[in-house]
Amino acid sequence: MTEKKKQITINPVTRLEGHAKIDIFLNDEGNVEDAYFQVIELRGFEKFCQGRPAEEMPRIAPHICGVCPNPHHMASGKAVDMVFGVEATETAKKLRELSLCAHYVHSHIAHFYALAGPDFIVGPAAPAKDRNIIGVINKVGVKIGGDVIQARAYAQKIQAIISGRATHPINNLPGGLAKPITAEEQKEIERMSKTLVDFGKFTLQIFEDAVVKNKAYADIITGDIYRHRTYYMGTVDKNNKVNFYDGAIRVVDPEGKEYEKFRGEKYLDHIAEHVEPWTYLKFPYLKNKGWKGIVDGKESGVYRVAPLARLNAADGMATPLADEAYQKMYETLGGKPVHATLAMHWARVIEIMYAAERIKELVEDPQITDTDVRNIPTDVVGVGIGQVEAPRGTLFHHYWTDDDGMITKLNILVATGNNNAAICMSVKRAAEKLIKNWKVDDGILNMIEMAFRAYDPCFACATHTLPGHMPLEIRIFDSGKNLYKTISRYE
Amino acid sequence: MTGKEKLKIAICRGCTCSGCDIAILDIHERLLKVIEKADIVYAPTIMDAKNADVEKMKDREIDVCFYHGAVRDSDNEELARLLRKKSKIMIAFGACACFGGIFGLANTTNRKEIFEEVYKNTASTDNPEGIMPQTEYADKKGHTMTLPEIYDSVYPLNEKVAVDYYIPLCPPIPDQIMTGLAAITSGNLPPKGTILASEKTLCSECERTRSQVRKIGKIHRPHEIEIDQEKCMLDQGLLCMGPATRAGCGTICVKANVPCRGCNGPTSQEYDQGANMLSLVATIYGIPEESLTEEDVKKAMKEIKDPLGTFYRYTLPTSILKRKRMDGK
Amino acid sequence: MKVFLYDFGGEIKYPENLDFGKDVEIIRLKDISTEETRRTVEKALKTDKVVFVGPSHRISERFFSDPNIKFVNAREHVAWVGHNPEKIRDLVQGSIDKLRNSNKIENKRFLIKHKSALVIGAGIAGLETARQIANSGYKVYLIEKKPFVGGLVARLDRLYPAGTPNSHILYPLINEVVSNPNVEVLVNTEMEKAEGTVGDYAVKLKIKGNVVEGKLPKKCEEVCPVEVVDKIPRKAIYYQPTYPESYGIDFDACTKCGNCVKVMPELSLGETERTIHVGAIVVATGLKGYDAKRIVEYGYGRYPNVYTKLEFERRFANGLIKPKSVVIVNCAGSRDKNHLPYCSRVCCMLGLKAAKLIKDTAPETEVYVNYIDMRSYGIFEEFYNIVRETYGVKFVQGRPSEILQDADGKLVVRCEDILLDKNIEMKVDCVVLMTGFVPDKESFDKLGIYTAGAYPVEYVNSTYSIDSNPRGIFIAGSAGYPKDVAEILINAANAPGGVIEILSKDYVENKTPTAKIDSRICSENNCRICITACPYGAVHMKGEEVVVNEEVCMGCGICTATCAAGANQLQGFEEKGMLAQIGGMTKKGDVIAFMCKWSSYNAADKAGQERLTYPENVKIIRVPCTGRVSAQMILKSYESGAKAVLVAGCPPDACHYFTGNFKARKRITALKAMLSQFGIDPETLAIEWIGKDESKKFAETVTRLNGLKQQK
């Protein structure tokens, strides 16, 4: 065998929001030397939002992501409340949280049923053409397809009622909302919330039957390929239960002990970002631990966010059925914290349950139809920080303005960005463990996919045809940059 | 595949937030009908066909490509050209592909300034060596990687490739999408270059009441006042883009009690959405104007905060000036 | 396309090798004033688009009046100021590009379908107007809302300054009018609604009651239960010795009890409607006094002896009141921002007349006149002297602060005597308030004439120049602005002259291209913003549509620059054509000047006549008004390479279209802020007032703008 340096490029990575690719480099033995997960786009909101009126930010910020515009709208809304020195009314806060929970339902459902579901319900070893939503439907029944679409449609409708639109909500103003909900609208949401709670229960059941009770999957989840011992960050209420809209940020260490707890306004004391020249996305890390590279462990500042991290960082769920499921997960997986990346799917399903229950709780609150939904500001404080939990992790919007309330500077830490280091690690670990001695094939590629798909990197999927695998083309070059071999998997 | 040939559809991404992908899903159960008649052969956000698959296709093999997102880096442009070559019909889908969209506001700056801000000046960034992402980079072991080149400006799709139809709005609503799909599947296509939106302005479908004499006494920012849900926004002194924007969205934002920001784009007789709206607002502000002094007028016009960002929120790259002039460039 | 060049016998040098493409023919003319040339150009217009290159538009328009010709000023703006002839190439290219992107202008033609006129108001002005029109052979409908003709003059005793009784003028006039077979007089009649355009108006009339001519049983008055204590006591049914020769019923007071009908069964109390069709309308509704009750501090309506001038004159003339002392308050509620901010012109003289009337009748009466200024213009200065010196009327300069009633029922007038510099109080039997006049907004609103509540009503034909479009609506008498009777009669030919000119034709044609609204874009539920912007009310609602009244539109283009949707376009200056012109003519580094055809453009011409020096790269675009200049046009200038843009209009308050230059100022001020955001120095955009004689100001301004640093 001649000495060859190998470079494997996976372009593009698909079934995620955003543009990314993966470069894998093999050493002389044909084992993985390095793997880079590159985000290949940059928009520049932190620059071109300068000079905009601060009160317009809740309308501009959602365009950062059309899949999770709602959390951006909420974080931005909280930030501009602070900029103008005014607090949202109680009803406004409840309506915002309601809308955010509805967003969670839509986003998590779509991801679980169409993206992640196939791997577990149909099976990672099943034929490629069956590993998609249709395969799922065939396995569990046609009615479910319709139910999934309806549940998602309800979740979108609730957001539209409260926030004006589901994709790109518009209703937040400094001090609250532009308008309240009517009695008819409250009834409509209440009716829909009942269906969503039932659907949450049903989804938990599916996961139980199709995944938990199946030993093969349980092994995959608990196996070593997708395991990282990192810190975990999430937002918790005053009882240390998971809350999406507001609360304290809690970070636990790889052994599950509380490491830091702080209000979102203090995030700069705890989080910093690192830059690498091979990706447009920065790497947030725990400031007080320091940047030690893209590695896990107690000494590294790398932390993870999103469903599993939230559940790890909290002591339970604030609603009964979700909390029951929470306890069950940790029992099954051997206690807290759970490091297995694929357990994110389980955590996600538990969050669907919580979100649905929380919607029902909030819509039944008699204050929810109050017309007092906005406090009109009289001042300009000049700085504001808003933080919420987006489905994909903790999200920060930080604005500075002049005396006129015009934005002079911004800082935005986007949810998935928090997971950047972790995604890189997961991809690299999967590649390292799976590509040995030049052996690269179809099955390996799927397993690498599953590594980052668990993070639901900012996208939720559709309700229709998926060919069941991510077509990858792996081109293997020799050191003379000649194409040695092409392995492709797509149809 | 047996029977009648299904239509081949592609959904391609430029510089996008992917709200347009979600918009297609939000036709909900109607999507199932679409799948009966069409195969989605390329849609990287939601399925797994690759660029290489498209390269392998014959020219014009794809029946229709929905391109959403603006063109702001080399990757966006390459994909636009590739999909244009392989598609019979190219649709600019969503405000970004049609006009540049919100990302068009980046035309007030350039790559250098964006990089400086994002990778050095932002408050949480810790980058004392000033490391910047490179379009080509080799690590210590000699591994080379590339990133697409970010352009200084954001472009609408039709500046890079020929566009056959436009579906504006941010993102398009189900009715627009179904109308477009119906036209395509039935073969009854409108003339090339058609914008699939109303010819009329947003005011035509707005249910709010307008005062007899249209004038603005004082301009307010939305958070400064109680916003009456029945009265026209302009009458309340709020800058609403309705008169300069196409109808078709059902006045979503106005119904949510916030002013329109113009994402459905200008009418066919407007050459610059922002300039026209500015003219209109200035005309009806402060009437009668004979008694105003020079100073009064200056003070009054200062009430329009951020005219560029308000009047060109979604359409800056398609304005007459297209972008801000940077010194020496 | 044909481009005609005229060089004034070599005075204009044209560039070598002029070539604008295959489809543009270049023709050199030997002259411009001959019949042959006129026919050549007219013939060309039938099949081609035409650009004419020669002198200033002002001259060229004299020879060629078709609005479809685009003129290029190669003499005043290039040759005479010693600029490089190459500049002409750019200017012509601009005009060619504009024409290629313009629609053909069709000037609207109005057929005169009805050779008749409606005169609203049978006071002295209405009567005289009706007389002249009828004598010229046209039918006149003369309507009057009161039961009798004669208006205000009929209810006065004397006219000033001489104190001539009204009968001297009124009775002969009435006789001539009512005996003319062309005149149909309708009393107790009002205009409900008017629709249509010049030559073809449909007017709906509401007629109350009827006229039973010749029968005047006094019993009708006796049985009437309603006493009207208005000017002098009378009943709701009454007789006035003007016309018609019958009893008339004041339907504002009538209770419809029917007693009079029992006496004279031919009387009717009901209402009828009638629609008439006329070719022209004259508004002669006369004076309407300001409501004196609103001047609360003067006690009108509270104290019994405080009168308005008409009340006082009628009572005094009929011997109903015999005061020993009177204060006449001139300028009551006038020149006062709380009431009427303007001066109503005739009230000073009316006050003097009242004073003289009192002194003529009862010379021992003490008469005081409070005034601020005495507006005794012309021969009235003589009258003022007589009243003061011969008649011994006392004049107090100072507006009364308040009028009170003391325990004896006397009126106390408090004021500051400015000349004596002290506060005084006058105790008198009677106070007469000379209040000002307000316009008849109701009639003008119904006719769609926009007055902005302003007074005098600007809508008098003499204000508009010869280029305004033909109108079928005229104003006669004090309805336009207050006049005395002599002035009314002297000016009386104004309205009839206009009416007769129209009715004598088969059609009249617009001279000025008007704005048009594209109904594909402007919808039923429209924004209506251009309606507010129009200074004339030409843009209005017709049913559910917004349309431009081609009769009223003056072609300024303010509405076009207002419409954000591009639905409203001024013919001849459509946005598409303007942008093409700018793109075609502008080279990098140019200074583009938008100049209005009334003022600043002529200043640039004058700069040419005076052979002033200013930079070569200044390119002028002529617009009807700076109000036509849109932000798009300015941005296009920068995009095409301009280093600076000048918008130059009429001086403040002198705009030919009232508010065009003010609107331009607002737009440009707003645009400057936005230019900074585009990285363009806002100092490169200037708005200036340049009057037609200010050639030096023009030259200095463009020179300064040219010296600014070019933004790359």
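Values reported hereafter were calculated over all heavy atoms of this structure, with side chains retained and with hydrogens, waters and symmetry mates removed. Please read these numbers as outputs of a predicted model, since none were measured by experiment. Numbered from 1 within each chain, the chains take letters A, B, ... in sequence-line order.
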Legend entry - Pair Glu117(B) + Lys409(A), salt bridge at N-O below 4.0 Å: yes

Inset, instruction - Could you look at Thr122(B) and say if it's the side chain, the backbone, both or neither that has a heavy atom under 4.5 Å from chain A? - result: both

Inset, instruction - Against chain A, work out which of Asn76(B), Asn107(B), Asp26(B) has the most heavy-atom pairs shorter than 4.5 Å and name it. - result: Asp26(B)

Inset, instruction - Hey, can you tell me if Trp291(A) and His274(A) have their rings parallel, tilted or perpendicular (30° and 60° cut-offs)? - result: parallel

Inset, instruction - Please determine, by modelled atom types, if Glu303(B) and His220(B) share a side-chain donor-acceptor pair under 3.5 angstrom. - result: no

Legend entry - Structural part of Thr279(A) lying under 4.5 Å from a heavy atom of chain B: backbone

Inset, instruction - Identify which part of Asp126(B) has an atom lying under 4.5 Å from any heavy atom of chain A, answering side chain, backbone, both or neither. - result: both

Legend entry - Side chain, backbone, both or neither of Cys20(B) within contact of chain A (heavy atoms, under 4.5 Å): neither

Inset, instruction - Considering only heavy atoms and a distance below 4.5 Å, find which of Ile114(B), Leu147(B), Leu105(B) pairs most often with chain A. - result: Leu147(B)

Inset, instruction - Identify which part of Asp75(B) has an atom lying under 4.5 Å from any heavy atom of chain A, answering side chain, backbone, both or neither. - result: side chain

Inset, instruction - Decide yes or no for Leu79(B) and Arg13(B): does some side-chain heavy atom of the first lie under 4.5 Å from some side-chain heavy atom of the second? - result: no

Legend entry - Contacting region of Gln150(A) [heavy-atom separation from chain B under 4.5 Å]: neither

Legend entry - Residue Tyr314(B) versus chain A: region with a heavy atom under 4.5 Å: side chain

Legend entry - Which of Asn171(A), Leu413(A), Val275(A), Ile412(A) touches chain B most, by non-hydrogen pairs under 4.5 Å: Val275(A)

Inset, instruction - Begin with the C-alpha distance, continue with both residues' side-chain angles, and end with the deciding distance and a verdict on side chain to side chain donor-acceptor pair (under 3.5 Å) for Glu273(A) and Ser124(B). - result: CA-CA 6 Å; Glu273(A) 292 183 284; Ser124(B) 51; 2.8 Å; yes

Inset, instruction - Answer with side chain, backbone, both or neither: which region of Glu224(B) has an atom nearer than 4.5 Å to a non-hydrogen atom of chain A? - result: backbone

Legend entry - Backbone N/O of Asp152(B) and side chain of Arg72(B): donor-acceptor pair under 3.5 Å: no

Inset, instruction - Considering only heavy atoms and a distance below 4.5 Å, find which of Val154(B), Thr109(B), Thr146(B), Ile227(B) pairs most often with chain A. - result: Thr146(B)

Inset, instruction - Flag the one option from Cys170(B), Gly309(B), Cys15(B) with the top tally of heavy-atom pairs under 4.5 Å to chain A. - result: Cys170(B)

Legend entry - Straight-line distance of His72(A) NE2 to Met57(A) CE, nearest 0.5 Å: 10.5 Å

Legend entry - Residue part contacting chain A, namely of Ile225(B), when any heavy atom lies under 4.5 Å: backbone

Inset, instruction - Would you name the heavy atoms of Gly417(A) and Pro284(A) that are closest together and state the gap between them? - result: O-CD, 3.1 Å

Inset, instruction - Side chain from CB out, backbone as N, CA, C, O: work out which of these in Thr125(B) comes under 4.5 Å of a heavy atom of chain A, or both, or neither. - result: both

Inset, instruction - Considering only heavy atoms and a distance below 4.5 Å, find which of Thr378(A), Leu173(A), Ile162(A), Val39(A) pairs most often with chain B. - result: Leu173(A)

Legend entry - Pairing of Asp269(A) and Lys287(A) as salt bridge, 4.0 angstrom limit: no

Legend entry - For chain B, the option from Phe48(A), Phe45(A), Trp278(A) that forms the most heavy-atom pairs under 4.5 Å: Phe48(A)

Legend entry - Pick from Met145(B), Glu226(B), Gln134(B) with the largest number of heavy-atom pairs that fall under 4.5 Å of chain A: Met145(B)

Legend entry - Which portion of Pro259(B) sits near chain A, non-hydrogen atoms under 4.5 angstrom: both

Legend entry - Segment of Leu268(A) engaging chain B (4.5 angstrom heavy-atom cut-off): side chain

Legend entry - Heavy-atom closest contact (Ala10(B) atom, Leu83(B) atom, distance): CB-CD1, 3.9 Å

Legend entry - Residue that, paired with Glu56(A), satisfies side-chain hydrogen bond (donor to acceptor under 3.5 Å, both in side chains) out of Arg221(B), Arg313(B), Lys305(B): Arg313(B)

Legend entry - Ion pair Lys8(B)/Asp39(B), N-O distance below 4.0 Å: no

Inset, instruction - Tell me, out of His168(A), Gln38(A), His398(A), who's got the most heavy-atom pairs with chain B below 4.5 Å. - result: Gln38(A)

Inset, instruction - Let me know if Tyr36(A) has heavy atoms under 4.5 Å from chain B in its side chain, its backbone, both or neither. - result: side chain

Inset, instruction - Decide if atom NZ of Lys157(A) counts as having more than 12 heavy atoms of other residues, nucleotides or ligands within a radius under 6.0 Å. - result: no

Inset, instruction - Please determine, among Tyr267(A), Trp400(A), Phe84(A), the option with the most heavy-atom pairs under 4.5 Å with chain B. - result: Phe84(A)

Legend entry - Closest-packed option against chain A by number of heavy-atom pairs under 4.5 Å, given Leu308(B), Thr135(B), Asp139(B), Thr310(B): Asp139(B)

Legend entry - Pick from Gly164(A), Pro53(A), Gly44(A) with the largest number of heavy-atom pairs that fall under 4.5 Å of chain B: Pro53(A)

Legend entry - Which atom of Pro69(A) lies closest to which atom of Ala166(A), heavy atoms considered: CG-O, 3.7 Å

Legend entry - Atom group of Asn121(B) that falls short of 4.5 Å from chain A, counting heavy atoms: both

Inset, instruction - Please indicate whether Gln229(B) has more than 12 foreign heavy atoms, meaning atoms of other residues, nucleotides or ligands, lying under 6.0 Å from its CD. - result: yes

